[in-house]
Number of protein chains: 4
Amino acid sequence: MSVKRDDKRDQILKAASQCFSRFGFEKTTLQDIGAAARFNKASLYYYFKNKEDLFIQVVMLEAEHYLNALQEQVKPLDRAADKIVAYLTGRLAYYRQVLNLHQLSIESLQRFEPMFDDVYQAVREQELAFLSQLLREGVEDREFLKLNGERAADALLTVADGIKHEAVQRSRTAFAQEVDYAPVQEKLQYTLTLLLNGLRK
Amino acid sequence: MSVKRDDKRDQILKAASQCFSRFGFEKTTLQDIGAAARFNKASLYYYFKNKEDLFIQVVMLEAEHYLNALQEQVKPLDRAADKIVAYLTGRLAYYRQVLNLHQLSIESLQRFEPMFDDVYQAVREQELAFLSQLLREGVEDREFLKLNGERAADALLTVADGIKHEAVQRSRTAFAQEVDYAPVQEKLQYTLTLLLNGLRK
Amino acid sequence: MSVKRDDKRDQILKAASQCFSRFGFEKTTLQDIGAAARFNKASLYYYFKNKEDLFIQVVMLEAEHYLNALQEQVKPLDRAADKIVAYLTGRLAYYRQVLNLHQLSIESLQRFEPMFDDVYQAVREQELAFLSQLLREGVEDREFLKLNGERAADALLTVADGIKHEAVQRSRTAFAQEVDYAPVQEKLQYTLTLLLNGLRK
Amino acid sequence: MSVKRDDKRDQILKAASQCFSRFGFEKTTLQDIGAAARFNKASLYYYFKNKEDLFIQVVMLEAEHYLNALQEQVKPLDRAADKIVAYLTGRLAYYRQVLNLHQLSIESLQRFEPMFDDVYQAVREQELAFLSQLLREGVEDREFLKLNGERAADALLTVADGIKHEAVQRSRTAFAQEVDYAPVQEKLQYTLTLLLNGLRK
DNA sequence: CATGAATGAGACTTCATTCAT
DNA sequence: AATGAATGAAGTCTCATTCAT
């Protein structure tokens, strides 16, 4: 019964999401999550590899919802370039919120990043598709030169993620208490403008 | 050599401050602090009663610095009433920042409050002196009626702390994830205005 | 398998009992108990909340056995009043022995008393039943006036415990090294005599 | 100033004695003793090798006093043989009391025995002298055959200590909670009677 | 002589994780 | 598929002991 199984998985994910946002990753115990999901804590290991895995699944689920909402939000904008910039900067703001919500220290963040990358693929596919679509619309509307939507979308996403990644790294080596997102937003916006100008007629 | 001792105490406080703001109270281990201060973790107990004590000392030190800076900041304002309101609301904003900085859950906050109160006395003395001075200036400038500066200062501080305390309490019983400071700020400002109007000519 | 679980619990209780009476509460380590019961020390926490809890369970178990034996011992006595006095004074003597056996300082004793009270209920029920029965017999034999056995039993037990408690308290405030039980025994005996006379025809 | 030094040593011994009999060996900290003697705990190491050494010195001092008193106590008895038996059995009773007073487990007792032997020599000399004197008096009063007082005294003491030692050993291997002194007293008395009969005219 | 300062060892406790059932 | 049971590792804290001054 794969359906039942998924139901229970979701039940756990929901409970975990509540716990993690209330107590943060470190302070949430599997006992907490188990109790909230009405499972024995040992049972969680049947559905998830370990606590980190569970956490990542939670964050990814939240990300999907958020990004979908964000995609809807930018659609009304007039030009494709604006939609793209709004989406990619909104995405960065989200990243920042998540860390804050789950009380993740830069330390932990570092530890999680590689694991995120594993699970990130599915979401990324969807994001790529969305960006490709925007780009193709831009071409149709004669906003952009003719281009390969997928390649360009991939480039945009990679740039956006690269800038985010670099900022996190720098914060760590600078022994900063938290990431200062203002310059990152600016840098992202500037770079995107350049890139999109490059695509422009 | 009380000087040397204080030096080492400060060295530990500094290390602890860095650790606490990087990892938060719960995630910081005495091992961490010891390593950062180049001490065996057991040695920390020679200078501080326990982890909580150390944390409180750190926060108090930060508070002193911040409040001094805040006092300088409000001095240029024109009227005494404005200085007082600016100081007391700035003080609340600080409280909020601290909790965020050290990733303190409301849970932990509750646990610490009584201990804070113990150490808070010294700082409070200084704050009282500052407020008294402002009030006396207000009297000299004929902004306020004649009054007992110390008693009025004490009243102001008590009111400000009371409003803060009540907000924290309410958050706890409301099972909120964090304290919503906007209404607290407003309430504080309103109450202070009333109080200061009462002192006015 | 609740049976198996109880078996292991008992196994731990037995090991703990041996350790506590050999080394005393303070000197017994969970390592000791774990080794004796062939468990990892961490496993003890699966069955008991903490060291104090484990200790109290041990003492309560011993108490049950002892009190049962004491009940058998006093049954051959002729009059109900004698049985009652013998039981309640024997009970006090036991209390004394326990403290000595486990090398409990008055200090520790103080610390434990509230926790004991929590677990004491079950034993108390049984004691009440026993005393009620004795009282009813006394009524049947026309030794006592007609009375409500349960209420009278409760009164007797409360008085006996109250006198014991007061003695412990007094020892603490007197900075005594140990409780001097002779006057307590006397006081108890005297008070019981008065009480039972009050019930007498 | 050897006098001053001895004064301070005694001061510490007195404080230690109080602490040990109040809290027992294990629960007494050097902090406790230091505070009571108005010394820094580190200073104790100037006068005593370590905690165990300090404890043994305390016990030895108490022993001297007690044994002197005991010697006075038995002097009024009529016959030398009676004095000797009374002294040696009183000595055993004392041993028992000490252990109880200081809340020494059999375990600890085992650990201390070898160290006691080191310090015991001085006391033993004095005890030997006392017993020799009694024996010589017995000879003068024609109660005993002519004999070498010192050799006989040594034999008596060795026998008395041997019986005590054996009892302690046996308790340990029997996992007993405490030493049962009744049979030891009996055995000692019996053996002494035999020995003294052997000396008799 | 005396002590402030420092530390290793070991105690109690929590928690993520494993495993047999 | 689910969980009772068990544990190693790590965290906070105490204490006897050492050492430089």
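A note on names: the letters A, B, ... follow the listed sequences, proteins ahead of strands, and every chain is numbered from 1.
For D:Y120, the side-chain hydrogen bond (donor to acceptor under 3.5 Å, both in side chains) criterion is met by D:R91, D:E127, D:D161, not counting sequence neighbours. By the side-chain hydrogen bond (donor to acceptor under 3.5 Å, both in side chains) test, A:D53 pairs with A:Q57, sequence neighbours left out. A search for side-chain hydrogen bond (donor to acceptor under 3.5 Å, both in side chains) contacts involving B:D7 returns nothing, not counting sequence neighbours.
Atom CD of D:E26 and atom P of F:dT14 are 18 Å apart (whole Å). The CZ atom of C:R38 sits 20 Å away from the P atom of F:dA5 (whole-angstrom rounding). The CZ-P distance, from B:F23 to F:dG11, rounds to 12 Å in whole Å. The separation between D:L30 atom CG and E:dT3 atom C1' is 14 Å, rounded to whole Å. Here the C1' atom of nucleotide E:dT7 and the CD1 atom of B:I12 are 13 Å apart, to the nearest Å. The distance from atom CG of B:D32 to atom C1' of F:dA10 is 12 Å, rounded to the nearest whole Å. Rounded to whole Å, atom C1' of F:dA6 lies 13 Å from atom CD of C:Q11. Atom-to-atom, NZ of B:K8 to C1' of E:dT7 comes out at 13 Å; the value is rounded to the nearest Å.
Residue C:L30 holds its CG atom at 11.5 Å from CZ of C:F48, rounded to the nearest 0.5 Å. Interatomic distance, CD of A:Q11 versus NZ of A:K14, reported as 9.0 Å (0.5 Å rounding). Atoms CG and CZ, from B:L54 and B:R9 in turn, are 8.5 Å apart once rounded to the nearest 0.5 Å.
Toward the 5′ end of DNA chain E lies the nearest nucleotide of C:K51, the other residue of the pair A:T29 and C:K51 mapping further downstream.
Ring pair C:Y46/C:F39: centre-to-centre distance not below 6.0 Å.
Remark: C:R5 is in phosphate contact with F:dA5, judged by side-chain N or O atoms under 4.0 Å from OP1 or OP2.
Of the residues in residues 39-50 of chain C, those with a non-hydrogen atom less than 4.0 angstrom from any atom of DNA chain F are C:F39, C:N40, C:A42, C:S43, C:Y46, C:Y47.
Scanning all heavy atoms of the two residues, the minimum distance from C:F25 to C:K51 falls at O-NZ, 3.1 Å.
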Per-residue pairing states of DNA chain F in dot-bracket (Watson-Crick or G-U under 3.5 Å; . unpaired, | other strand) read .||||||||||||||||||||
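Among residues at least two apart or in separate chains, side chain to side chain donor-acceptor pair (under 3.5 Å) pairs with a member in residues 30-43 of chain B are B:T29-B:D32.
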